[in-house]
Protein chains: 2
Amino acid sequence: MASNVVMDELLCDAINCPPETGLCQKFEQIAQIHNIARGQDAPLDITRPVLVFVSQGATKLVGRASGQRDQIVAFHLAGDILSVAGDALHSYRLTALSDSRLIVFDEEEFLECAAAEPAILRALIERIETALHRSRGKAISLGRKSAQERVAGFLYILSKRMKSSTNGKCVLDLPMSRRDIGDSLGLTIETVSRQFSELKAAGLLETCGRSRVLLPDIGGLARLAGHSNFS
Amino acid sequence: MASNVVMDELLCDAINCPPETGLCQKFEQIAQIHNIARGQDAPLDITRPVLVFVSQGATKLVGRASGQRDQIVAFHLAGDILSVAGDALHSYRLTALSDSRLIVFDEEEFLECAAAEPAILRALIERIETALHRSRGKAISLGRKSAQERVAGFLYILSKRMKSSTNGKCVLDLPMSRRDIGDSLGLTIETVSRQFSELKAAGLLETCGRSRVLLPDIGGLARLAGHSNFS
DNA sequence: CGATACTTTGACATGGGTCAATCAACGTGG
DNA sequence: CCACGTTGATTGACCCATGTCAAAGTATCG
């Protein structure tokens, strides 16, 4: 019972935790569940590093520079695991884009629990590396790409992550606002909006309401995105 | 003998590998050593993910967008471990800033070897998380900070990493060129140079030759760097 | 159906890029 | 050890992409 409540199938799958061992129960004891309403911050205590598993919903990890300047460091969708730690230089918070369910572990305790299971540690390494590789890609975009390339790349990558594409076309329900997109791409909402308009004019994007988006030509987006393998 | 050649003390320490077990010898068998001259790329085959240990020297991990635009994704100094994987979107290369010695593992093989040693896996997790956290900080800088803040933050962070600071003052020998600094901060060499000049005028920086740098007031740099905890 | 928040569009300002010229560091050969 | 050449750094003038400020438009929700 408790096992079903805390350690959902998705998490067991994510960390490669064989349900038949008693391990899930050990993890249950150290897990904290948070149900976060859309727009609310997860009440994380990151004086110590934590591992967060996004069981349902979608979240943004936001870093803040001085002067209220926010930079979204990553989006994390259902099924993702992320590591969050405090930082002397910037403050971080994890905010729900839609109603979300998070399973939070003190990282130290989690690793203690998982020590006997190399498979779990390896799954975790893989997840953190995925986060690292995405972050590197973001650094390239933020450091060296134009607004148009960033927006096209954003849509392209999101279409891949949300796996809703079929032979070059794709419909998405963006869980994030224009502000979020801007905060993720290091742009203002106005610039994001203008780039959306240009993509519409180029026939690479149609919108329907605020959040629904139709991408008729994913390949075209990739070409605009300034990926080194496309020119 | 071979053990001393391949698995140096630094690496054993880095991955928390107890020298008394026979483990080091197993790692030796799968390790590849590369001595890279200043300015040369490591001949990494990243069709599969690799782990690289920087045994001596200093390196830059460079990502490339289309059109020859380089973004340095991270600097890695002696003692660092990094994970590098290919990417459909951007190409990456690891280049030596000074003559360097790298110990390279196929990541899969490394993890296979380390499976029985949770301590090694944990050490690896810690290192990768460090890389992730640095990369997040870089994303905040690239996305939301001014040229002056980026340059000040760069010097501040480097002074911490190279541990050459004494009560607010610090002398550094920068292993990287102005171009490298620009490629790391998402700026041009000219902008980096102008910011250096402004910092000199503000009494926060003195230079001596191309690479030697004196930072008389680290706290002042931190204040300029736009870190959220300093205003 | 009206209120409110979000988005789009426009006019203008500006930080940092680009291009070009000068200057300084460093290595090399005499 | 010095003159010279090469490469990298600095400075200046100008320009453009994106930020800023303001207004109008439009989803969405009670």
Side-chain angles (χ1 to χ4, degrees), chain A residues 37-39 60 65 67-71 97-99 141-155 173-202 205-214 224 226, chain B residues 37-39 60 65 67-71 97-99 141-155 173-202 205-214 224 226:
Chain A
R38 173 196 168 97
K60 55 179 175 180
Q68 312 291 89
R69 292 171 298 175
D70 283 340
Q71 172 66 42
L97 295 170
S98 53
D99 295 353
S141 289
L142 293 174
R144 287 297 183 220
K145 291 194 184 175
S146 70
Q148 175 155 141
E149 291 174 315
R150 294 186 209 181
V151 171
F154 168 80
L155 292 171
D173 260 306
L174 302 181
M176 67 289 283
S177 68
R178 297 287 183 278
R179 169 165 300 282
D180 288 329
I181 297 173
D183 283 348
S184 169
L185 300 179
L187 302 169
T188 60
I189 40 181
E190 293 94 329
T191 298
V192 172
S193 190
R194 281 187 253 270
Q195 294 306 328
F196 268 47
S197 300
E198 286 195 25
L199 290 176
K200 282 182 208 169
L205 168 68
E206 291 164 41
T207 57
C208 172
R210 280 176 183 156
S211 69
R212 177 150 300 175
V213 138
L214 170 64
L224 273 192
Chain B
R38 173 195 169 98
K60 55 179 175 180
Q68 313 291 91
R69 293 171 297 175
D70 283 341
Q71 172 66 43
L97 294 171
S98 53
D99 293 354
S141 289
L142 294 174
R144 288 297 183 218
K145 291 194 185 174
S146 70
Q148 174 155 139
E149 290 173 316
R150 294 186 209 182
V151 172
F154 169 80
L155 292 171
D173 261 306
L174 301 181
M176 67 289 283
S177 68
R178 297 287 184 279
R179 169 165 301 280
D180 288 329
I181 298 174
D183 283 348
S184 168
L185 300 178
L187 302 169
T188 59
I189 42 181
E190 293 94 331
T191 300
V192 172
S193 190
R194 281 187 252 270
Q195 294 307 327
F196 269 47
S197 299
E198 286 195 25
L199 289 176
K200 281 181 206 166
L205 169 68
E206 291 164 42
T207 56
C208 172
R210 282 175 184 157
S211 68
R212 177 151 299 175
V213 137
L214 169 65
L224 272 192

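Residue numbering restarts at 1 for every chain, and letters A, B, ... go by the order of the sequence lines.
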Tell me whether A:D99 is salt-bridged to A:R38, with the criterion being a basic N under 4.0 Å from an acidic carboxylate O.
no

Are side-chain heavy atoms of A:I181 and A:F196 found at a separation under 4.5 Å?
yes

Atom pair CZ (B:R179) and OG (B:S184), whose distance is rounded to the nearest 0.5 Å:
13.5 Å

Inspect the contact between B:R69 and A:E149 and indicate whether a charged nitrogen and a carboxylate oxygen are less than 4.0 angstrom apart.
yes

I need the CZ-P distance between B:F196 and D:dG8, as an integer number of Å.
16 Å

Earliest and latest nucleotide of DNA chain C, 5' to 3', sitting under 4.0 Å from a non-hydrogen atom of chain B?
C:dG16 to C:dC26

To the nearest 0.5 Å, tell me how far A:R194 CZ sits from A:I189 CD1.
10.0 Å

Looking across every strand, which nucleic acid part, if any, lies under 4.0 Å from B:L187 by heavy atom: base, sugar-phosphate, or nothing?
sugar-phosphate

When rounded to the nearest 0.5 Å, the distance separating CD of B:E198 from CG of B:L205 is 11.5 Å

Base, backbone or nothing for each nucleotide of nucleotides 20-30 of chain D, written B, S, -, heavy atoms under 4.0 angstrom, 5' to 3'?
BB----BBS--

Could you say whether A:R144 or A:M176 is positioned toward the 5' end of DNA chain C, judged by the nucleotide with the nearest heavy atom to each?
A:M176

Which sits closer to the 5' end of DNA chain D, A:V192 or B:K200, going by the nucleotide each is nearest to?
B:K200

N or O in side chain of B:S197 less than 4.0 angstrom from D:dT11 OP1/OP2:
yes

Whole-Å distance, A:L142 CG to D:dA17 C1', equals 16 Å

Reckon B:G186 touches a base, only the sugar-phosphate, or nothing at all at heavy-atom distances under 4.0 Å?
sugar-phosphate

What is the separation between atom CD on A:Q68 and atom P on D:dG19, rounded to the nearest whole Å?
18 Å

Rounded to the nearest 0.5 angstrom, the CG-CG distance for B:D180 and B:L174 is 10.5 Å

With DNA chain D as reference, determine whether B:R178 or A:S146 sits nearer its 5' end, using the nearest nucleotide of each.
B:R178

Kindly compute the distance separating SG (B:C208) from CG (B:L214), expressed to the nearest 0.5 Å.
9.0 Å

Pairs flagged by salt bridge (Lys or Arg N to Asp or Glu O under 4.0 Å) wherever residues 182-193 of chain A is involved - sequence neighbours left out
A:D183-B:R144

A:Q148 CD to D:dA17 C1', straight-line distance once rounded to whole Å:
12 Å

